[in-house]
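Report on the following structure.
Indexing begins at 1, ligand by ligand and atom by atom, following the structure's order.
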Amino acid sequence: MTNWEFSLDCARKLDENDELSSYRDQFYIPNFSGEQSIYFTGNSLGLQPKKVQSYIQKELEDWSRFGVEGHEKATNPWISYHEIFTDDIKKLVGAKSNEVVVTHSLTTNLHLLLISFYRPTKKRFKILCEKKAFPSDQYALESQVKLHQLKAEDCIIEIGPRDGEETIRNEDIVQKIEEIGEELALIMIGGVNYYSGQVFDMKKITKAGHNVGAFVGFDLAHGVGNVPMELNKWEVDFAAWCSYKYLNSGPGGVSGIYINEKHVENPNVLRLAGWWGHNKENRFQMPDKFDPIPSAESWQLSNAPILAMAAHKASLDLFTEVGMKKLRNKSILLTQYMEFLIHYINENYNSKLEIITPKNINERGCQLSIIAHGFGKELFEKLSENHIIVDWREPNVIRAAPVPFYNSFEDVFKFGEVLKNILNEH
Ligand SMILES: Cc1ncc(COP(=O)(O)O)c(C=O)c1O
């Protein structure tokens with residue numbers, strides 16, 4: 001790291017030494033303004049793997065050829081299509097085969113999991129979540145509280161950063177858990193915060209939650225495919241994620257869920273039922289009584305959306321080929337290089353960009369959240385004019401996520417160069 005330079009040469013050397021550099025060619029890089037974009041919004045919508053089209057085309061062909069018979073006769077029979085993902089997904093999140101399933105969409109899954117794991121009683125009814133949780137999670141939690149005829153202000157407790165700080169200290173979360181104690185029914189936190197990019201200590205939070213008898217779940221929309229996880233080892237109770245961010249599976253793509261095996265096997269854990277969660281042996285005998293599959297699959301309500309799943313498969317095949325370890329190693333370097341360039345600009349061009357994402361690599365994924373005091377929105381717009389695709393999150397953050405699959409060190413350098421020029425003219 002010490003011999004890094006703010007130069008195209010340095011960036012190109014880093015690319016030459018990058019064993020994953022060829023994977024960039026497996027993705028379509030947006031080019032909608034006459035010039036290829038420098039794309040740093042894989043934390044919002046991952047880029048399209050080129051293989052997606054042929055994977056979807058295959059399902060379209062099988063549909064046209066077989067009609068309903070495709071459920072059994074398609075190359076990847078549709079009845080069991082979702083099972084293809086078990087091995088890939090369990091590696092990504094550190095789970096066992098019976099603990100994961102790909103199904104529905106993210107907020108839908110969060111609701112289904114909250115139905116199972118938020119069972120308030122007179123004594124134990126509080127939920128702990130992070131301040132600045134993604135709004136959909138806040139709405140979901142509030143509406144779940146209402147479902148139980150309770151009031152959000154009595155039940156939902158938010159934990160935020162200390163005054164003058166931008167990220168939440170893990171020790172403050174643990175302290176809050178201990179403080180709420182026996183009244184705490186559930187902890188639900190974004191494993192990686194969408195705004196600051198902070199990765200929480202999921203193991204520590206889970207242990208602290210269990211010590212007071214609460215269930216612990218994570219929204220991993222910004223975690224999956226970004227940072228390695230060990231959900232089973234950490235004994236996390238449940239988690240859900242989407243596939244359209246770091247998993248590059250297309251807008252609105254399918255979601256995944258993890259449920260710890262001890263709950264999966266426990267028939268007393270309430271789950272909303274649908275026919276796709278029913279015992280596969282006799283599902284088509286159309287029995288009246290729901291007999292749940294003894295795995296996370298029993299949380300599936302409906303038969304699988306095959307076209308969206310085909311896109312997911314194209315992307316997961318790449319993840320399985322490369323593995324999270326190599327992706328993470330590159331990701332750490334790419335993000336550190338971006339951080340280095342921002343510090344360099346601050347030191348040499350008298351700018352005051354503030355990175356609010358933790359400096360510690362174990363507390364962040366690839367995203368850097370940047371505050372350009374008083375100049376943020378303008379800076380964001382100028383970056384866009386220069387074909388740098390980052391995003392703006394109210395009230396004052398620019399999020400930039402160099403993604404190891406398709407971003408290069410040269411991309412990061414070009415971002416630095418444009419940033420420097422904008423700040424120079426400011
Ligand atoms: C952290 C987080 N949670 C939930 C959502 C909502 O996801 P969906 O619209 O797929 O339900 C998002 C979407 O970006 C998100 O970033």
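With 3.5 Å as the limit, one finds no donor-acceptor pair spanning the side chains of H278 and D291. Between H263 and D237, the side chains place a donor N or O and an acceptor N or O closer than 3.5 Å (distance only, hydrogens not considered). With no hydrogens or angles considered, no side-chain donor-acceptor pair links N170 and D201 at under 3.5 Å.
Considering only residues two or more places apart in sequence or on other chains, W63 meets the side chain to side chain donor-acceptor pair (under 3.5 Å) condition with none of them. With sequence neighbours excluded, no residue forms a ring-ring contact (aromatic ring centres under 6.0 Å, His included) with H343.
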Donor-acceptor pairs under 3.5 angstrom involving side-chain atoms of residues 152-163: please list them, not counting sequence neighbours.
| residue | atom | partner | partner atom | Å |
| --- | --- | --- | --- | --- |
| R162 | NE | D172 | OD2 | 2.8 |
| R162 | NH2 | D172 | OD1 | 2.8 |

List below, pair by pair, the N or O atoms of ligand 1 and of the protein that are less than 3.5 Å apart, including the distance to 0.1 Å; reply 'none' if no pair qualifies.
| residue | atom | partner | partner atom | Å |
| --- | --- | --- | --- | --- |
| ligand 1 | 3 (N) | D137 | OD1 | 3.3 |
| ligand 1 | 3 (N) | D219 | OD2 | 2.6 |
| ligand 1 | 7 (O) | Y244 | OH | 3.0 |
| ligand 1 | 10 (O) | Y244 | OH | 2.6 |
| ligand 1 | 11 (O) | T107 | N | 2.9 |
| ligand 1 | 11 (O) | T107 | OG1 | 2.5 |
| ligand 1 | 14 (O) | K245 | NZ | 2.8 |
| ligand 1 | 16 (O) | H222 | NE2 | 3.1 |
| ligand 1 | 16 (O) | K245 | NZ | 3.4 |

